[in-house]
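So you know, we letter chains A, B, ... as the sequences are listed, proteins then strands, and number each from 1.
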There are 6 protein chains.
Amino acid sequence: MIYITRRERFSAAHRMYREDLSDEENLRVFGKCSNPNWHGHNYILEVTVKGEIKKELGFFINLGTLKEIVTDVIISKLDHKNLNLEVSFMKGKIATTENLAISIWNELRPAIEQEGAFLHCIRIAETENNFVEYYG
Amino acid sequence: MIYITRRERFSAAHRMYREDLSDEENLRVFGKCSNPNWHGHNYILEVTVKGEIKKELGFFINLGTLKEIVTDVIISKLDHKNLNLEVSFMKGKIATTENLAISIWNELRPAIEQEGAFLHCIRIAETENNFVEYYG
Amino acid sequence: MIYITRRERFSAAHRMYREDLSDEENLRVFGKCSNPNWHGHNYILEVTVKGEIKKELGFFINLGTLKEIVTDVIISKLDHKNLNLEVSFMKGKIATTENLAISIWNELRPAIEQEGAFLHCIRIAETENNFVEYYG
Amino acid sequence: MIYITRRERFSAAHRMYREDLSDEENLRVFGKCSNPNWHGHNYILEVTVKGEIKKELGFFINLGTLKEIVTDVIISKLDHKNLNLEVSFMKGKIATTENLAISIWNELRPAIEQEGAFLHCIRIAETENNFVEYYG
Amino acid sequence: MIYITRRERFSAAHRMYREDLSDEENLRVFGKCSNPNWHGHNYILEVTVKGEIKKELGFFINLGTLKEIVTDVIISKLDHKNLNLEVSFMKGKIATTENLAISIWNELRPAIEQEGAFLHCIRIAETENNFVEYYG
Amino acid sequence: MIYITRRERFSAAHRMYREDLSDEENLRVFGKCSNPNWHGHNYILEVTVKGEIKKELGFFINLGTLKEIVTDVIISKLDHKNLNLEVSFMKGKIATTENLAISIWNELRPAIEQEGAFLHCIRIAETENNFVEYYG
């Protein structure tokens, strides 16, 4: 088994809040991240897939193919978007990095497996001081 | 003369657009950065000041003082905010990194000069692939 | 299960040596890191905790809480300190990054578990070219 | 068990291709990486080893020893070289980062185990946007 | 005047040598960089241009336009290429980073000036430990 | 004129204080940086030199020569040392990054000029959030 990781970036706006709470209550639970006027980040996404090397290729998934999948299935839907308002697979979920990682896992897995590879890890860094990892 | 730079970060939402243009026209001029639902960035701000070392201190401005000024005058007003809606010194300006750099220069200069130092450069990185510098 | 990591930094002095050895013997065992006049580093600490997302929050531990714990329990005791002379939980131990990682694990675990989360990994980078990881 | 990682770098030329294919066919399979005139990278190698701390040392392998092993066994053979033409342990293999990681694992393991430690992971970053990991 | 910088990357092979010298003499002058079998790097290019902000746009050159120019005029000709054999504007020159910076300046200037902006600096990092700057 | 920069690193202990002040007074002036038990940093030094390219070489100073000079004249005297106690060219000066930059400039200039090049800038980063520059 060998692991290969593709790193992509997207810039998005978001807000952490619950619709059933007032702005004051959201502020108490989510802090400044609940600002009703939004804020945003340069998110860094790392997608790790694993598989067994095909001897005639020296790899199990073409890096170009992996890049294309991540771009088409994920980045094109998140980059320069509002995570709360414009991303279908985040509808009804609190827009935390944790929920984002799980949703990206669910979106990517079928496309990765169709290539005969296995999704291993979704890693999202929200700032240089915090990141989230999900292994399914 | 010696130069000292303090690096700070802020995460904010913004949109590049002109009020007198339609969404379609804004899209043509500003591209995906004009998304009416906002997007955002982790901005990296570097403030460079210059001065002559005081022999009895080994510096001309205390780094702690510099940090405090940048935090109070700038970061507290930009971090987790919407650059278009919530930042008084960006009112009426297109929310580009270029305009942001000039506005930060104007906000910071009096506070820096009050410390007997000179503002030399405002540098803002919007993503890892582009940054703006302003020298007054 | 989801994993979240908080990154913090501290600048400290240290020396690697054994009290029962002479300076010459320490130099042979620990090299330049045994300098009796101390040296120091900008250490980078990454604390990874894991847990199950609470649906009503979108996370299992508030990042602000995690930051506060790491700062209170660890960073406040290490930053701008001498690891050999001033850190109670390093007393009697050789001040290697390896021992530091294990000690930080032991200090942090109760506070993390009190929040209903699990400590997963302590990672400390001593320079850009070496880092240590401990998983308990 | 504790894990320690040493990071080293090497700059090398390579080409991804199969001798039994024409340049056109190689281009179809390997893309621009098959350029017959070569291209190159600044590869970043991270070698992670694990072991149990010796109480009298505060570590299980001297970082200087680890650095020396990685330099002697690997870096000296790859840095400023052509991975296809000049590296004996890559002979007959397609010069992908995946194959390189496995080959480095095989070269390094005996030397690491001779020090009483265990090789845990070989990680190679080819660019800032992709890296490969191999755990044996 | 405001300065904006676009960062791009390219991976290329090269060799430093003079045709009128033997391999041994080239080795003495250029060291391991003269390896006749080539080596390579992930070069990082930063192009800084300057101009006066147009009030109706908030910038003087569209970042998308700048990116397109740098990609078309430079990156497409260098990425995954051999700097000695395949780059027309490096023909007859020793393939040092210094010569590369000057050549890129000469190639880029007309395209930048056609946009009503001024080229200010070409910065190329060859490794994380050395970079070259040229201001015309 | 072209500029080339060499980046080197050193890890050192230091303390900011004046001998004529008490510990309490030093604490008031220099904050936690005055800790009598020392602290330390991974300093990053960037030395920029300028000159005119020699056509027969493609550079004006060999990068290997520059590295050797910086290592011999500076790094060997600072790395794993105590800046206050062990560095002859810092004797009698407050161990600030500002004073360090000026002292390094004075130490390096003769050696650089002996190579027919000009010293342009000394840049020292003390942490990822602050750095100092000196241009003579």
Item checked: Heavy-atom pair count under 4.5 Å with chain F, highest-scoring of R15(C), E128(C), H41(C), K81(C) -> H41(C)
Margin query: Run E86(C) and N35(F) through side-chain contact (heavy atoms from CB on, under 4.5 Å) and show every step you take.
Written below: CA-CA 11 Å; E86(C) 298 180 293; N35(F) 181 358; 2.9 Å; yes
Margin query: Check this for me: E25(F), atom CD, are more than 12 non-hydrogen atoms of other residues, nucleotides or ligands nearer than 6.0 Å?
Written below: yes
Note to self: Using 0.5 Å steps for rounding, measure from the CG atom of N42(C) to the OH atom of Y43(F).
What the structure shows: 8.5 Å
Next item on the list: Check the surroundings of atom NZ in K91(C): do more than 12 heavy atoms from other residues, nucleotides or ligands lie under 6.0 Å from it?
Entry: yes
Check: How about K93(F): does its NZ atom have over 12 heavy atoms from other parts shown lying under 6.0 Å from it?
Finding: yes
Next item on the list: Count the heavy atoms belonging to other residues, nucleotides or ligands that lie under 6.0 Å from CZ of F118(C), then report whether that count exceeds 12.
Entry: no
Note to self: Donor-acceptor check, side chain of N82(F) to backbone of W38(C), threshold 3.5 angstrom: yes or no?
What the structure shows: no
Next item on the list: May I ask you to check whether over 12 heavy atoms, not counting those of F89(F), lie within 6.0 Å of atom CZ?
Entry: yes
Note to self: To the closest 0.5 Å, what do you measure between NE2 (H80(C)) and CE (M16(F))?
What the structure shows: 8.5 Å
Margin query: What's the separation between atom NE2 in H14(C) and atom OG in S11(F), rounded to the nearest 0.5 Å?
Written below: 8.0 Å
Margin query: Please determine whether a side-chain nitrogen of the Lys or Arg among E126(C) and R9(F) lies less than 4.0 Å from a carboxylate oxygen of the Asp or Glu.
Written below: no
Margin query: For E19(C), I'd like to know if atom CD has over 12 heavy atoms of other residues, nucleotides or ligands within 6.0 Å.
Written below: no
Check: Is it the side chain or the backbone of D79(C) that comes within 4.5 Å of chain F heavy atoms, both, or neither?
Finding: side chain
